[in-house]
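All residue numbers refer to positions in the sequence shown, counting from 1.
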Amino acid sequence: QVQLVESGGGSVQAGGSLRLSCVRSGSTYMSSCVGWFRQFPGKEREEVAHLYTAYGNPTYADSVRGRFTISQDDSRNTVYLQLDSLNPEDAAMYYCAAAPPSGPNGACAEHWQQWTFWGQGTQVTVSS
């Protein structure tokens, strides 16, 4: 089993920044992949970024590439999501998720429904 606890959400003005944290505990293998997702009201959950923790190689959604950065601190068992240049379209509930690898060479699940463990979410609000 894996437990994930997110923090760091809040309210900022457009152009501002936030750093989200996801502290993970439990099985290292079952949380080999860690990702950040977001969900807008009435919309399906979508991936923002993920990484395979053994390699640290990040993958980003096109909508956030160049503005958001995913990183990890193994000493704290924490995966971060740095959100810069926020705009009102980024306002959503952000979730941390974890899963075992979906394939060889650090492959992670491609669809949010394939991710196994989820945190409780943290709200990001951006005012114009």
Side-chain angles (χ1 to χ4, degrees):
Q1 289 294 321
V2 174
Q3 293 76 44
L4 304 170
V5 179
E6 303 112 325
S7 62
S11 181
V12 296
Q13 291 189 327
S17 298
L18 285 171
R19 189 177 77 161
L20 309 183
S21 299
C22 175
V23 180
R24 61 186 180 128
S25 58
S27 170
T28 300
Y29 173 77
M30 294 298 287
S31 61
S32 295
C33 295
V34 178
W36 285 96
F37 296 76
R38 64 187 180 184
Q39 189 165 18
F40 305 106
K43 301 287 188 178
E44 188 171 282
R45 201 165 292 188
E46 64 179 40
E47 181 178 324
V48 174
H50 77 260
L51 55 76
Y52 183 67
T53 56
Y55 298 166
N57 51 326
T59 300
Y60 297 97
D62 289 342
S63 59
V64 306
R65 187 176 293 111
R67 299 188 299 122
F68 293 5
T69 305
I70 187 171
S71 63
Q72 60 183 6
D73 183 342
D74 292 339
S75 68
R76 291 187 166 88
N77 291 324
T78 301
V79 174
Y80 301 100
L81 185 68
Q82 178 70 36
L83 291 69
D84 296 320
S85 301
L86 283 161
N87 58 60
E89 290 70 40
D90 295 314
M93 183 69 80
Y94 283 71
Y95 296 91
C96 177
S102 63
N105 302 317
C108 295
E110 294 185 352
H111 194 275
W112 71 269
Q113 293 177 329
Q114 298 171 302
W115 289 71
T116 312
F117 304 99
W118 292 87
Q120 80 284 359
T122 185
Q123 183 70 45
V124 171
T125 303
V126 185
S127 57
S128 57

TODO: Please name all residues satisfying side-chain hydrogen bond (donor to acceptor under 3.5 Å, both in side chains) with D74, sequence neighbours left out, ordered by chain then number.
DONE: none

Task: Flag side-chain contact, heavy atom, 4.5 Å: E46 against F40 - done: yes

Open item on the list: Given the ring of W115, does R45 sit roughly above its face, with NZ or CZ under 6.0 Å from the centre of the six-membered ring and within 45° of the axis?
Closed with: no

Open item on the list: Could you go through C96 and V34, starting from their C-alpha distance and side-chain angles, then the distance that decides it, and tell me whether this counts as side chain to side chain contact (heavy atoms under 4.5 Å, CB included)?
Closed with: CA-CA 7 Å; C96 177; V34 178; 3.9 Å; yes

Open item on the list: Taking Q120's backbone N and O only, do any of them form a donor-acceptor pair with E6's side chain (distance below 3.5 Å, no angle check)?
Closed with: yes

Open item on the list: With rounding to the nearest 0.5 angstrom, report the CZ to CG distance, R24 to L4.
Closed with: 8.5 Å

Task: Within-4.5 Å side-chain heavy-atom neighbours: S32 and P100 - done: no

Open item on the list: Looking at R65, I want to see if its CZ is surrounded by more than 12 non-hydrogen atoms of other residues, nucleotides or ligands under 6.0 Å.
Closed with: yes

Open item on the list: Distance check, rounded to the nearest 0.5 Å: R19 atom CZ versus S7 atom OG?
Closed with: 9.0 Å

Open item on the list: Testing the basics here: between T78 and S21, what is the closest heavy-atom pair and its distance to 0.1 Å?
Closed with: CG2-CB, 4.1 Å

TODO: Apply the test side chain to side chain contact (heavy atoms under 4.5 Å, CB included) to residues L18 and L86: give CA-CA distance (whole Å), side-chain angles for both, the deciding distance (0.1 Å), then the verdict.
DONE: CA-CA 8 Å; L18 285 171; L86 283 161; 4.3 Å; yes

Task: Heavy-atom closest contact (M30 atom, V2 atom, distance) - done: CB-CG2, 3.8 Å

Task: Smallest separation among heavy atoms of I70 and W36, with atom names - done: CD1-CD1, 3.8 Å

Task: Aromatic ring proximity, centroids under 6.0 angstrom, W112 and Y95 - done: no

TODO: Report yes if the side chains of V12 and T125 come closer than 4.5 Å at any heavy-atom pair, otherwise no.
DONE: no

Open item on the list: Using modelled atom types and a 3.5 Å cut-off, is there a donor and acceptor pairing between side-chain atoms of Q13 and backbone atoms of S128?
Closed with: no

- [ ] Please report the closest heavy-atom contact between L51 and G56, naming both atoms and the distance.
- [x] CB-C, 4.4 Å

Open item on the list: Using the side chain to side chain contact (heavy atoms under 4.5 Å, CB included) criterion, which residues pair with Q1? Sequence neighbours excluded.
Closed with: Q3, F117

TODO: Check for a donor-acceptor pair, side chain of T122 on one end and backbone N or O of G9 on the other, with a separation under 3.5 Å.
DONE: yes

Task: Beyond-backbone contact of L81 with L83, side-chain heavy atoms, under 4.5 angstrom - done: yes

Task: Validation row: L20, Q82 side chains within 4.5 angstrom (heavy atoms) - done: no

TODO: Would you indicate whether the side-chain heavy atoms of T69 and Y60 approach each other to under 4.5 Å?
DONE: yes

Open item on the list: How close do Y80 and D73 get, counting heavy atoms only, and between which atoms?
Closed with: CE1-CB, 3.8 Å

Task: Y94 six-ring face occupied by R38 cation (under 6.0 Å, within 45°) - done: no

- [ ] Over all heavy atoms of both residues, which pair between F68 and V48 is shortest? Give the atoms and the distance, please.
- [x] CD2-CG1, 3.5 Å

Task: F37 vs H50 side-chain heavy atoms within contact, under 4.5 Å - done: no

Open item on the list: Pairing donors with acceptors under 3.5 angstrom, does anything connect the side chains of R67 and S85?
Closed with: no

